[in-house]
**Student:** 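Encoded as structure tokens, here's the structure I'll be asking about.
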Amino acid sequence: MEKVYNPKTVENKIYQLWEKSGFLKANLKSKKKPFCIIMPPPNANGPLHIGSAVFVTLQDIMIRYQRMKGKEVLWLPGVDHAGFETQVVFEKELEKKGETRFQYSPKKLCQMIWRFCQRHRKVIENQLKRLGASCDWSREKFTLDKDIVKIVYETFKKLYDDGLVYRGERIINWCPHHETSLSDLEVKHKNIKGKLWFIRYPLKTTNYKPQPTNYIKVATTRPETMLGDTAVAVNPKDKRYKNLVGEKVILPLVGREIPIITDKRVDMEFGTGAVKVTPAHDPLDFEIARDHKLPAIQIIGKDGKMRKEAGKDYAGLKALECRKKILEDLRKKGFLEKEEDYKYSIAVCYKCQTPIEPLISKQWFIKIIPLAKKATKVVKEGEIKFIPAHYKKIYLHWMKNIRDWNISRQIVWGIQMPIWQCQNKNSKIKNKKSKIKDSYFVSFKKPKKCPICQKCKPKQIEDTFDTWFSSGQWPFATLLASGHLKSKIKNKKSKIIFNFTTDDFEYFYPTSVMETGWDILFFWVARMIMLGIYATGKIPFRYVFLHGLVRDKDRQKMSKSKGNVIDPLGVVELYGADALRMALVFGTGPGKDIMISEEKILGQRNFTNKIWNATRFILQQISKSKIKIKNKKLDEKTLTRADKKILRELNKTIKSVTKDVESFRFGQAAQTLYHFFWHDFCDRYIEESKKQLQTSNIKHQTSNILLYVLLTSMKLLHPFMPFITEEIYQRLPLKNKKKCLMIEEWPI
RNA sequence: GGACGGCUAGCUCAAUUGGUUAGAGCGUUGCGCUUACAUCGCAGAGGUUAUAGGUUCGAGUCCUAUGCCGUCCACCA
């Protein structure tokens, strides 16, 4: 054995051993109890980052532990097309070349991004292997695989037929930079220092005479939107304006007559207590207008510029330019009373920080309440458990306040929605459940004949699904797509939407654990629970384990701009995968952010070396004394104090590590193992054994104990540090040796 | 505006349903290349567990209040 552990000469060889052994593949014939984790598919738009190394480590620990525990395990890997995310990354690549996405046809663009993703997919697969991921490659999936898309379509059709999908003219979050709608979750809030402007809206009649003149004063942070005002609203309890309700005001600069209305959503305390209502460009105003049947005038376009409805003086200006001009004009004509500094928050695109323009737009929505109800129930009743537990509360709070989900996106990179429109304007079809008449219908393929008018050639809408709509189906979609067709389900009353099932699905669904970062709890986990129950009638997983964000030693978030990113594969290259994995899990708690630093990794690299050298010493002793290891029981009578102590400590370690892994306390388990191996075994027992090996009557037994403790330690450490432990196992002179440590039995 | 998390050694973090002497890594001090380990090793120092109360035989852990830091959610113009 070399004097130092060299991961480079070991890791590739060992991974090949595992792959060739066939034990990475789930074997449904084993009749063992199932344990399944569906891997959160990494985005196929770049190499793995340190966060991916975290999930690989944690999931691999669980998978390897359960495999050794005798379960039939399936860890199903995959990669994600990551719609909007990938398109943004790809657009940046184009920008570097001085191009934009608008230069290419959607079809061409899709082809380019497809190739881009395929390239990264290969890289990612290789990186997962280098990290030691013991997943089943024969079942690997891509989120755009045909069979996955088919299942996504089926789910959508069921939702549509159940009347849970609607096309709504609703106010949506529009990113003018990316020119797409965003869900509420994709919008971040940013505090800014702005101004609050107080504008006088003159009254049409003069019956009411507030001192000194006749106007109602409104406060706004966005004066340019006044061009689209269709009312002024006050609180019904507000005595100041009691006599004004029902009056009309003349909109300054525009001249339009608009009413003064009451609505209890108006805050009397804020500003003047009177609010201008711009239904087309403010979410609350939109709702007020809907309830009062007020018209909406869209004055800002999808490009963020003023439309012709804004009037000829303003049309074509960017919204901010328009604001300047409006303020100038108001001031000139005496309508602007005052301005105040005002701190408030604006909505921005989570990717580009561009302020969101709330726009009225026709988008597709899912009625979420029926899905949320069941998703709430299973968590409340503990059918799905969260680790750490306090996420249960956060999840339930979000579910309680959930709003309908905008699932259509105006981007090309994604699954095109299977919706077609009849081109014959007068023909409509009625949805049996929602009873809404519409010219749209769902079809998975290009229809030969229009099912509505029987005459036209229907067109498919260009919108794609929100990525999370498809990834929300990942647990059941993968299992239905990876397995062998088992049987057709004839019972149409069955809650399951699919008319088929597969052996994988039957065996492994509901899956055991969903392990992912807390930052996508709402984006992904919540949607998987809702869609999983809806589509299959069963929960998608029993446990949700959430890990934290990776930060550097100064608690800073890792980001390319800060230059503090740690490239996981660079670390593997330098120090080995085992050191990285151990560093990522060592001394961390579930749900807590993970601090990582070069020093911490070095510390664990030293640990690999310690393990290596302890082994080297033991193997030397055994070969020196030419002891053959037999599987015989230890003779209690001849055990020394040191022997007894190390065996006692070992048993304690087995118990506590097992308990820790079972209860997801991996950081604790890693610490216990580290402490036992280094301090109890190496510092004390191995040192003591040097004397014992000189004593002829106990040297045989001492060798036995050394080997036994080493072997057991390798088993316990294997889920955490798979490469070095496997390499050592292969070198140990054992009888009844298995083909690999990976499938050895977990010590009890 | 609501909710959540954190405060433990110089730094970054652990510590199971309350239970012996609160543990690691890095840093620091001393000793050591003794044939497993200089890619370091061994030994030690370092703590009023944010503050103030309370419950208890016993509190880092449970309760109440306060302070500071952080995060998430939210349609106050």
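Each chain gets a letter, A, B and so on, in the order its sequence line appears, and its residues count up from 1. Atoms considered below: every heavy atom in the structure, side chains included; atoms not considered: hydrogens, waters and symmetry mates.
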**Student:** Choose from B:rC75, B:rA36, B:rA77 the nucleotide whose nearest atom is closest to any side-chain atom of A:Leu284.
**Tutor:** B:rC75
**Student:** Heavy-atom nearest nucleotide on RNA chain B for A:Phe270 versus A:Gly603: which residue maps closer to 5'?
**Tutor:** A:Gly603
**Student:** Paired with B:rU48 by Watson-Crick or G-U wobble geometry, both distances under 3.5 Å: which nucleotide is it?
**Tutor:** none
**Student:** Does the side chain of A:Arg265 get closer than 4.0 angstrom to OP1 or OP2 of B:rC76 through an N or O atom?
**Tutor:** no
**Student:** Is any side-chain N of the basic residue among A:Glu339 and A:Arg323 closer than 4.0 Å to the acidic one's carboxylate O?
**Tutor:** no
**Student:** May I ask you to say what A:Val277 touches in the nucleic acid, namely base, sugar-phosphate or nothing, with a heavy-atom cut-off under 4.0 Å?
**Tutor:** nothing
**Student:** Should the side chain of A:Glu687 and the base of B:rA36 be counted as holding a donor-acceptor pair, with the cut-off at 3.5 Å?
**Tutor:** yes
**Student:** Under 6.0 Å from the OH atom of A:Tyr543, do we count more than 12 heavy atoms belonging to anything else shown?
**Tutor:** no
**Student:** Scan A:Asp683 against the nucleic acid and name what it touches under 4.0 Å (heavy atoms): base, sugar-phosphate only, or nothing.
**Tutor:** sugar-phosphate
**Student:** Taking the minimum atom-to-atom distance to the side chain of A:Lys610, which one of B:rA77, B:rC37, B:rC73 wins?
**Tutor:** B:rC37
**Student:** If you check every side-chain atom of A:Gln620, which of B:rA36, B:rU39, B:rA74 has the closest atom?
**Tutor:** B:rA36
**Student:** Name the orientation class of the two ring planes belonging to A:Trp468 and A:Trp524 (parallel below 30°, tilted from 30 to 60°, perpendicular beyond 60°).
**Tutor:** tilted
**Student:** Is there a side-chain contact between A:Phe198 and A:Leu336 in this structure, where contact means two heavy atoms from C-beta onward sitting under 4.5 Å apart?
**Tutor:** no
**Student:** Can you tell which of B:rA15, B:rA36, B:rC40 lies closest to the side chain of A:Asn606?
**Tutor:** B:rC40
**Student:** Using atom CG of A:Asp267 as one end and atom C1' of B:rC75 as the other, report the distance to the nearest whole Å.
**Tutor:** 12 Å
**Student:** For B:rG27, what is the paired nucleotide under Watson-Crick or G-U wobble rules, both distances under 3.5 Å?
**Tutor:** none
**Student:** Starting the side chain at C-beta, find the nucleotide from B:rA74, B:rA38, B:rC42 nearest to A:Lys3.
**Tutor:** B:rA38
**Student:** Select from A:Trp518 and A:Val187 the residue whose nearest nucleotide in RNA chain B is closer to the 5' end of that strand.
**Tutor:** A:Trp518
**Student:** Tell me the partner of B:rG1, counting only Watson-Crick (N1-N3 plus N6-O4 or O6-N4) or G-U wobble (N1-O2 and O6-N3) with both under 3.5 Å; none if nothing fits.
**Tutor:** B:rC73
**Student:** Look at A:Lys393 and B:rC4 and indicate whether a side-chain polar atom (N or O) is within less than 4.0 Å of OP1 or OP2.
**Tutor:** yes
**Student:** Looking at B:rA38, which nucleotide sits across from it as a Watson-Crick or G-U wobble partner, both distances under 3.5 angstrom, or is there none?
**Tutor:** none
**Student:** Go through B:rA24, B:rU39, B:rA36 for me and flag the one nearest to the A:Asn613 side chain.
**Tutor:** B:rA36
**Student:** B:rG53 pairs with which nucleotide, Watson-Crick or G-U wobble, both distances below 3.5 Å?
**Tutor:** B:rC63
**Student:** Which part of the nucleic acid does A:Trp197 contact within heavy-atom distance under 4.0 Å: base, sugar-phosphate only, or nothing?
**Tutor:** nothing
**Student:** Closest to the A:His397 side chain: B:rC37, B:rC73, B:rG41?
**Tutor:** B:rC73
**Student:** Side chain of A:Lys659 only, please: which of B:rC37, B:rC73, B:rU16 is the nearest?
**Tutor:** B:rU16
**Student:** Report yes or no: is there a donor-acceptor pair, N or O only, under 3.5 Å between the side chain of A:Lys592 and the base of B:rA14?
**Tutor:** no
**Student:** Nearest 0.5 Å please: distance from the CD1 atom of A:Ile618 over to the CG atom of A:Leu710.
**Tutor:** 4.5 Å
**Student:** Under a 3.5 Å cut-off for both distances, is B:rA22 Watson-Crick or wobble paired, and to whom?
**Tutor:** none
**Student:** Looking across every strand, which nucleic acid part, if any, lies under 4.0 Å from A:Tyr674 by heavy atom: base, sugar-phosphate, or nothing?
**Tutor:** sugar-phosphate
**Student:** Ignoring backbone atoms, establish whether A:Lys276 has a side-chain N or O less than 4.0 Å from OP1 or OP2 of B:rA77.
**Tutor:** no
**Student:** Please pick, from B:rC13, B:rU16, B:rG25, the nucleotide with the shortest atom-to-atom distance to any side-chain atom of A:Met595.
**Tutor:** B:rC13
**Student:** Measure the spacing between NZ of A:Lys264 and CD1 of A:Ile288 and express it to the nearest 0.5 Å.
**Tutor:** 10.5 Å
**Student:** Is a side-chain donor-acceptor pair under 3.5 Å present for A:Thr608 with A:Asp578?
**Tutor:** no
**Student:** Return no unless some side-chain N or O of A:Arg403 is found under 4.0 Å from OP1 or OP2 of B:rA74.
**Tutor:** no
**Student:** Please determine if a side-chain N or O atom of A:Arg605 lies less than 4.0 Å away from the OP1 or OP2 oxygen of B:rC40.
**Tutor:** yes
**Student:** Rounded to the nearest angstrom, tell me the gap between atom CE in A:Met1 and atom P in B:rC37.
**Tutor:** 12 Å
**Student:** From the options B:rA36, B:rC75, B:rU39, select the nucleotide whose nearest atom is closest to the side chain of A:Lys690.
**Tutor:** B:rA36
**Student:** In whole angstroms, how far is the P atom of B:rA24 from the CG atom of A:Leu584?
**Tutor:** 22 Å
**Student:** Atom CZ of A:Arg290 and atom P of B:rC75: how far apart are they, to the nearest Å?
**Tutor:** 14 Å
**Student:** Taking 4.0 Å as the cut-off, does a side-chain nitrogen or oxygen of A:His675 come that near to OP1 or OP2 on B:rA24?
**Tutor:** yes
**Student:** Looking at A:Tyr391, does any N or O in its side chain come under 4.0 Å of the phosphate oxygens OP1/OP2 on B:rC72?
**Tutor:** no
**Student:** Could you let me know what B:rU17 is paired to, Watson-Crick or G-U wobble, both distances under 3.5 Å, or none if it's on its own?
**Tutor:** none
**Student:** Name the orientation class of the two ring planes belonging to A:Tyr395 and A:Phe386 (parallel below 30°, tilted from 30 to 60°, perpendicular beyond 60°).
**Tutor:** tilted
**Student:** With a 4.0 Å cut-off on heavy atoms, is A:Phe286 in touch with a base, just the backbone sugar-phosphate, or nothing at all?
**Tutor:** nothing
